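What you see below is based on every heavy atom in this structure, not just the backbone, and it leaves out hydrogens, waters and symmetry mates. Nothing here was measured: the structure is a model prediction, and the numbers come from that model. We number each residue from 1, following the sequence as shown.
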Amino acid sequence: MKKNYTVMFIMLFTASITGGMAAKGLFEYSVIAGWGLGILFLLCASYTAVKNEKKSGSQ
């Protein structure tokens, strides 16, 4: 079974930004932390998408 990590990282990207906005009242830098984590997940999604494209393109 082939796993698609790109979709998982995009969903984590969205969840981290949403969680950061929702936790705005809990601690001062929650929005910045949410966006920072979201950007990290977006970079991971880009990496896995490029890796999957190279695998499928060589077949």
Side-chain angles (χ1 to χ4, degrees):
M1 185 168 148
K2 184 176 177 181
K3 299 199 183 225
N4 194 353
Y5 291 109
T6 307
V7 174
M8 179 190 66
F9 282 128
I10 290 174
M11 291 173 73
L12 286 170
F13 163 72
T14 307
S16 66
I17 291 175
T18 304
M21 293 292 194
K24 200 184 290 187
L26 276 120
F27 60 99
E28 190 174 349
Y29 297 107
S30 65
V31 177
I32 294 171
W35 274 97
L37 195 60
I39 289 171
L40 179 71
F41 285 137
L42 189 61
L43 290 173
C44 290
S46 301
Y47 172 75
T48 56
V50 168
K51 191 171 123 180
N52 287 339
E53 183 65 30
K54 284 183 180 178
K55 265 189 193 178
S56 67
S58 64
Q59 292 179 355

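Going from atom CZ of F13 over to atom OG1 of T18 covers 9.0 Å, rounded to the nearest 0.5 Å.
Cluster membership for I17 and M8, using ILVMFWY side-chain heavy atoms within less than 4.5 angstrom, is shared.
Residues meeting the side chain to side chain contact (heavy atoms under 4.5 Å, CB included) test with V31, sequence neighbours left out: M21, K24, W35. In terms of the side chain to side chain donor-acceptor pair (under 3.5 Å) criterion, residue partners of T48 (sequence neighbours excluded) are, by chain and number, T6.
What you find for S30 and G20 is that their closest heavy atoms are OG-O, 3.2 Å.
Think of M11 as one node in a network of Ile, Leu, Val, Met, Phe, Trp and Tyr side chains linked at under 4.5 Å; its network also takes in V7. Taking Ile, Leu, Val, Met, Phe, Trp and Tyr as hydrophobic and joining them when side-chain heavy atoms fall under 4.5 Å apart, one finds L26 in a cluster with F27. Members clustered with I32: Y29, by chain and number, using a 4.5 Å side-chain heavy-atom cutoff among hydrophobic residues.
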Report, one line per pair, each donor and acceptor closer than 3.5 Å where one atom sits in a side chain of residues 38-46; sequence neighbours left out.
residue: S46; atom: OG; partner: L42; partner atom: O; Å: 3.0

